[in-house]
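To start, the structure itself, in structure tokens.
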2 protein chains.
Amino acid sequence: MTSKYYQQFKHTYLAVDCVTFCFTGEDLEIILIKRDFEPGYGEWALPGIFLEPDESLEECTQRIMKRFTGLENVFFEQFHIFSDPKRDPGDRIVTVGFYALIKVDNNVKKKVSEHKAYWYKLSRMPKLMFDHNQIVDRALESLRQKVKQQPVGFELLPKKFTIPQLQKLYEAIYSRSFDKRNFRKKVLSLKVLEQLAEKDKESSKKGAFLYRFDKKKYLALQKKGYNFEI
Amino acid sequence: MTSKYYQQFKHTYLAVDCVTFCFTGEDLEIILIKRDFEPGYGEWALPGIFLEPDESLEECTQRIMKRFTGLENVFFEQFHIFSDPKRDPGDRIVTVGFYALIKVDNNVKKKVSEHKAYWYKLSRMPKLMFDHNQIVDRALESLRQKVKQQPVGFELLPKKFTIPQLQKLYEAIYSRSFDKRNFRKKVLSLKVLEQLAEKDKESSKKGAFLYRFDKKKYLALQKKGYNFEI
DNA sequence: GCAAAAGTGTTCGGGCTACACCCATGA
DNA sequence: TCATGGGTGTAGCCCGAACACTTTTGC
């Protein structure tokens with residue numbers, strides 16, 4: 001079945017490494033695992049697996065997510081391929097960098113701990129295996145870019161969230177603070193948030209109104225060219 | 001030398017396909033070749049080759065450029081990986097999409113014709129082999145994105161160029177027209193163009209002043225966050 | 001009553017948009 | 001002298017940035 005012409009060429013090991021972002025309410029964190037085989041045994045690494053012959057890279061990424069967090073239909077995006085022939089001392093491995101955005105719940109926590117995996121704050125990344133620190137840096141850069149063009153931040157928040165929560169998320173993504181009046185004005189001006197009657201009283205006595213992301217309105221907005229520069 | 005753990009996994013064919021943009025003064029064009037082997041024999045396709053075991057994808061892209069245009073040190077960028085297991089009927093090939101920006105001269109023309117390759121206007125793309133039309137679409141989308149963040153347009157122009165030329169390039173990239181007063185104001189406001197004493201008289205009787213791109217000033221600008229939205 | 005977070009309006013300046021006419025020159 | 005493309009200025013508007021006080025309520 002393989003084309004004759006193709007047979008003269010060599011194959012390559014192709015892997016996916018996934019930077020799995022989640023939001024604690026205060027910080028952006030990613031999942032790291034303790035590598036349990038050589039090379040790199042005992043070092044911190046991104047969850048990753050090899051591509052199977054009959055799956056696309058996107059299916060492969062879903063497989064990583066399923067294995068390490070139990071989640072399906074996660075939002076993710078490929079952002080860069082790392083192909084330095086010497087990047088992995090064990091062999092020539094080309095790896096595709098994906099980032100995923102997840103909401104953490106107890107099921108996820110359980111699954112993650114089964115894999116001896118841990119969350120680490122982006123602001124306190126340890127030294128990672130091989131070129132994984134670069135992969136993380138690049139993932140964050142791509143996420144920052146993405147956030148300006150699509151309201152992907154909602155992937156990291158519960159279905160109902162408050163505006164101060166949303167602002168803290170954006171502050172975590174950009175590592176800077178925003179003026180709360182301007183922030184609120186800007187997100188509401190996009191008209192993709194629906195205010196609910198309920199309030200969230202977890203973080204203040206007064207309580208903050210909950211909002212829901214309105215996908216229909218967003219799709220209409222996207223046609224006109226979404227823009228969310230803060 | 002291969003890590004023992006890795007040996008249980010399968011390899012994949014990994015290729016690079018390159019969308020090679022150039023600018024005629026009026027239109028954006030890319031290089032296409034007539035495929036001369038199966039599968040896809042006789043169809044229009046992007047220039048592409050398989051990754052060799054000891055090279056990075058970036059080196060592989062330079063090799064494509066060298067082979068098809070004779071050029072070295074070309075500006076290029078990876079933009080997406082295409083990994084649908086069925087995208088190539090000859091076998092399972094994962095391909096990395098790169099785009100390159102080149103200036104065409106007579107040497108390039110000669111080299112390109114040796115490969116039975118041709119230039120095609122983006123606005124008149126023929127039906128391409130496999131998923132190559134999608135690859136081209138995505139390359140253009142990425143180029144449009146890139147142009148807002150870096151002055152890569154200069155890679156497509158001769159060293160000395162006029163502002164009307166630059167405007168035509170941006171119009172070709174975005175498939176829309178700009179007001180010439182506003183365009184000039186905007187590019188000059190970035191202060192990365194150096195006006196020369198000479199004029200170009202090719203396209204008008206009055207002649208248009210030539211400008212040169214000032215890399216030093218650009219690097220200073222980049223630190224502050226380059227932005228070129230038109 | 002006080003601490004702690006939520007919520008709200010206004011002013012200013014810079015940049016984008018839209019728009020019309022004169023200039024230089026070769027033919 | 002005329003046709004062709006190069007070059008210039010201004011006014012209005014919108015948006016982003018900066019900034020301080022009131023509200024609610026649990027303790």
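Chain letters run A, B, ... following the sequence lines, proteins first, then strands; residues in each count from 1.
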Gln167(B) CD to dG5(D) C1', straight-line distance once rounded to whole Å: 12 Å

Could you state the atom-to-atom distance from CD of Gln165(B) to C1' of dG5(D) in whole Å? 13 Å

Can you measure Phe183(A) atom CZ to dG7(C) atom C1' for me and round it to whole angstrom units? 14 Å

Under the salt bridge (Lys or Arg N to Asp or Glu O under 4.0 Å) rule, what pairs show up with a residue in residues 119-134 of chain B, not counting sequence neighbours? Asp27(B)-Lys121(B), Glu29(B)-Lys121(B), Arg87(B)-Asp131(B)

Using the test side-chain contact (heavy atoms from CB on, under 4.5 Å), find all partners of Asp105(B) that sit at least two apart in sequence or belong to another chain. Asn107(B), Val108(B)

Are Trp119(B) and Ile30(B) packed together at the side-chain level, in the sense that at least one heavy-atom pair is separated by less than 4.5 angstrom? no

Measure the angle between the two terminal helix axes of the helix from dG1(C)-dC27(D) to dA27(C)-dT1(D), five base pairs each, and quote it to 10°. 0°

Using atom CD of Gln195(B) as one end and atom C1' of dG6(D) as the other, report the distance to the nearest whole Å. 12 Å

Glu202(B) has an atom CD; how far is it from atom P of dG6(D), in whole Å? 12 Å

Nucleotides 8-13 of chain C: which of its N/O atoms have a protein N/O under 3.5 Å away?
residue: dT10(C); atom: O4; partner: Lys185(A); partner atom: NZ; Å: 2.8

Considering only nitrogen or oxygen atoms on both sides, find all protein atoms under 3.5 Å from nucleotides 22-27 of chain C and state each distance.
residue: dC23(C); atom: O2; partner: Lys206(B); partner atom: NZ; Å: 3.3

Length of the CG-P vector between Asp200(A) and dA6(C), whole Å: 9 Å

With distance as the sole criterion, is a donor-acceptor pair present between the side chains of Asp200(A) and Thr162(A) under 3.5 Å? no

Between Tyr211(B) and Lys160(B) (side chain of the first, backbone of the second, donor and acceptor by atom type, cut-off under 3.5 Å), is there such a pair? no

Just one of Phe82(B), Phe21(B), Phe75(B), Phe76(B) clears the ring pair (Phe, Tyr, Trp, His ring centres under 6.0 Å) bar with Phe98(B), so which one? Phe76(B)

I'd like to know if the side chain of Tyr99(B) reaches the main chain of Gln78(B), judged simply by a donor and an acceptor atom lying under 3.5 Å from each other, with no hydrogens or angles considered. no

Can you list everything that forms a salt bridge (charged side-chain N to carboxylate O under 4.0 Å, His left out) with Glu194(A)? Sequence neighbours excluded, please. Arg212(A)

Quick one: closest heavy-atom pair of Ile31(B) and Leu46(B), and the distance? O-CD2, 4.4 Å

Less than 4.0 Å between a side-chain N and a carboxylate O, is that true for Arg176(B) and Glu171(B)? no

Can you measure Phe209(A) atom CZ to dT25(D) atom P for me and round it to whole angstrom units? 10 Å

Does the side chain of Leu166(B) reach to within under 4.5 Å of the side chain of Phe161(B), using non-hydrogen atoms? yes

